[in-house]
*Asks:* 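For reference, the structure I am asking about is given below.
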Amino acid sequence: MGTELLEKNILNSEGNAYREATKRSFIICLALTQLGFFYNVQAVTALQKPLQEVLSINEFQYSLIILAQSLPNIGLPIIIGIVIDRYGASLGLSVGMFFGVVGQLLLTIAIYSRHYVLFLIGTIMCYIGVELLFLGKSKMVRLWYKDSEIPGVTSVSIFIQSMGVILCDVTYPTIYASSNDLGLPFAIGLGACSVSLVAGTIQIFQHQKYLSLSPSLTANQEHQSLRETWNAVKSFPALFWIVTLTSATSYGAFNATKAFESKFLMISFNFTIDKAGLILASGLVATGIFAPLAGIVLDKTGKLAKGTILAAITILIGIIINAALPECDRCLTPTIPFMLMVLGSGVRGIVIISSCLRLVPPNHVGVALAMLTCIVSSVNVGYPPVAGAIAQATIKEYKYFWVFVANSVVAVVGVCLAISVHVLDMKGSRKLQNNDFRTVSRHASYFAIDNFVERSIHDPNIKGLTLDDSGTALLRSKTESDIQSTDSGRRNHTVML
């Protein structure tokens, strides 16, 4: 499906007239649906210290909450993609919103009842909800918009996601600091989810009406079996897996550092919780400006292997500086390593997505990015408990110094893997060295600021990343029918960047 079906639908004047008349209100509903759920995704890291106090949990137990955030991404993207492709995007969106709202409700109840296990369950439900919601939303976007419209829709989507995360880092700690009630920001977050639920419901009604007026969009859809998916995975080149491991280790080191950053700012630099939230938000804003600029440079040069090394080294330097900073009273020096880490992770997102698009055939890109999600999530499930155990054993005497040292070791592994990617590609296909594939990475650059939410190329669809209306020489080397037959479920898998 995709552009071919959409172009067929243009011949259907009734369906196309409805699409043209409604697509602006549709994207408004899409934005509002995202905003409420992304507003809550960073609450745990923004409120680490009071959360530990209210739930009476130690550093290791806190790390299990971070683990729970990544747990749904192990294997779930592939399964959900197949289910949504078979039963429709509206089902994914509606079930995702249900899980998101119920999960946020459980988090709020868990805070007021001081129930740690209930908080873990709520966290898992929230992230399953986000996974379902955005895979369903992505398939909708593929049906509503042409390739030439995809980058604009993508930029709106990422902007809203980023705004939600930044608002979370600012408002959650501020509301808690002013009220001294940890449940209040979670309750307000539940209200935000409720608003998004209304917007999402309108979006579903619009989508269903569009489908009813456009029968060509639901005809002749492919349904990929698990066997076909597995055969596609076995065909991937070895370099793809090394690129994936590079992303997993570098992001794992960054994520394990970021998870403790709020409390680190409070106990080592005497910031209040609301000021710590502002520092975290400022780092995201600054990186949201500079990461796309880095993407433009990569687009012009096409040197993805070197970009991978640069991103991994930037993350490593940020973590090392974070560990080595001398303590001071409310000084702003910790903003420097935090910005470096987030910037490095943003650039990493660009080069990893672009590298996957170069290394994997177009009709297998969706499942490739789903595998990337699963592997990165596996690291983020396995490593946080290790970091949490280190923190629990050393925090009283050394605070988070040894946690950051351990994270630096993981980041060093990421740098070594990045160097191996460059060496192996130079000796082999050299697909990550040339600038002949610039068009592919141009679209991937839109995802530079999507790393704050620890998931994501939910948006909008892989085909939108690999094809544009002018055509890309690399992908047009395959027949149009081969490209158009890409499975929509596999195109829309969520990727943890």
Side-chain angles (χ1 to χ4, degrees), residues 69-82 127 130-131 134-135 138 224 229-230 232-255 304-305 307-308 311-312 315 344-383 410 413-414 417-418 420-421 425 431-432 440-441 443-448 450-466 486-487 489-497:
Q69 294 175 349
S70 298
L71 199 59
N73 279 325
I74 298 183
L76 198 61
I78 296 175
I79 297 172
I80 289 177
I82 294 173
Y127 276 79
V130 168
E131 190 78 20
F134 286 100
L135 285 174
S138 296
Q224 296 293 325
T229 300
W230 175 242
V233 170
K234 290 192 295 184
S235 69
F236 294 162
L239 190 60
F240 166 81
W241 300 108
I242 300 175
V243 168
T244 300
L245 290 174
T246 302
S247 178
T249 50
S250 294
Y251 184 79
F254 162 73
N255 191 46
L304 295 183
T308 303
I315 293 173
S345 186
V347 175
R348 178 198 55 82
I350 299 172
V351 296
I352 295 302
I353 290 296
S354 299
S355 297
C356 288
L357 295 179
R358 292 190 187 185
L359 295 171
V360 176
N363 57 326
H364 293 158
V365 165
V367 70
L369 295 179
M371 292 305 300
L372 174 63
T373 297
C374 295
I375 292 174
V376 174
S377 297
S378 297
V379 173
N380 281 291
V381 166
Y383 183 65
V410 176
V413 175
L417 287 170
S420 70
V421 166
D425 189 58
K431 288 184 178 180
L432 307 183
V440 175
S441 63
H443 295 301
S445 299
Y446 281 99
F447 297 90
D450 206 23
N451 292 275
F452 315 145
V453 293
E454 304 170 8
R455 44 192 42 44
S456 268
I457 240 185
H458 318 104
D459 293 292
N461 297 277
I462 302 311
K463 183 178 176 301
L465 291 175
T466 56
T486 305
D487 177 76
R490 292 183 291 124
R491 279 198 304 259
N492 294 294
H493 291 306
T494 303
V495 175
M496 182 177 301
L497 297 177

*Asks:* Taking all non-hydrogen atoms of both residues, which atom of G307 and which atom of V347 are closest, and how far apart?
*Replies:* O-CG1, 4.2 Å

*Asks:* Kindly say whether S247 contributes a backbone atom to a donor-acceptor pair with the side chain of S250 at under 3.5 angstrom?
*Replies:*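 Looks like no, no N/O pair under 3.5 Å.
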
*Asks:* Could you tell me which non-hydrogen atom of Y383 sits nearest to which non-hydrogen atom of G252, and how far apart they are?
*Replies:* CD2-O, 4.2 Å

*Asks:* Please find the pair of heavy atoms, one from S420 and one from I242, that lie closest to each other, and give the distance.
*Replies:* OG-CG2, 3.6 Å

*Asks:* State the CG-CD1 distance between L304 and I352, to the nearest 0.5 angstrom.
*Replies:* 9.0 Å

*Asks:* Nearest 0.5 Å, please: how far is CG in L359 from CZ in F240?
*Replies:* 8.0 Å

*Asks:* So do the side chains of L239 and D425 get within less than 4.5 Å of each other, counting heavy atoms only?
*Replies:* yes

*Asks:* Can you tell me how far CG of N380 sits from CG of N255, rounded to the nearest 0.5 angstrom?
*Replies:*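 Reported value, rounded in 0.5 Å steps: 4.5 Å.
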
*Asks:* Atom CG in L417, atom OG1 in T249: separation rounded to 0.5 Å?
*Replies:*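 Those atoms lie 5.0 Å apart.
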
*Asks:* Might you point out which heavy atoms bring Y127 and Q69 nearest each other, and give the distance in Å?
*Replies:*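 Closest approach of Y127 to Q69, heavy atoms only: CD2-O, 3.3 Å.
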
*Asks:* Please report the closest heavy-atom contact between A418 and A312, naming both atoms and the distance.
*Replies:*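 Result for this residue pair: CB-CB, 4.2 Å.
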
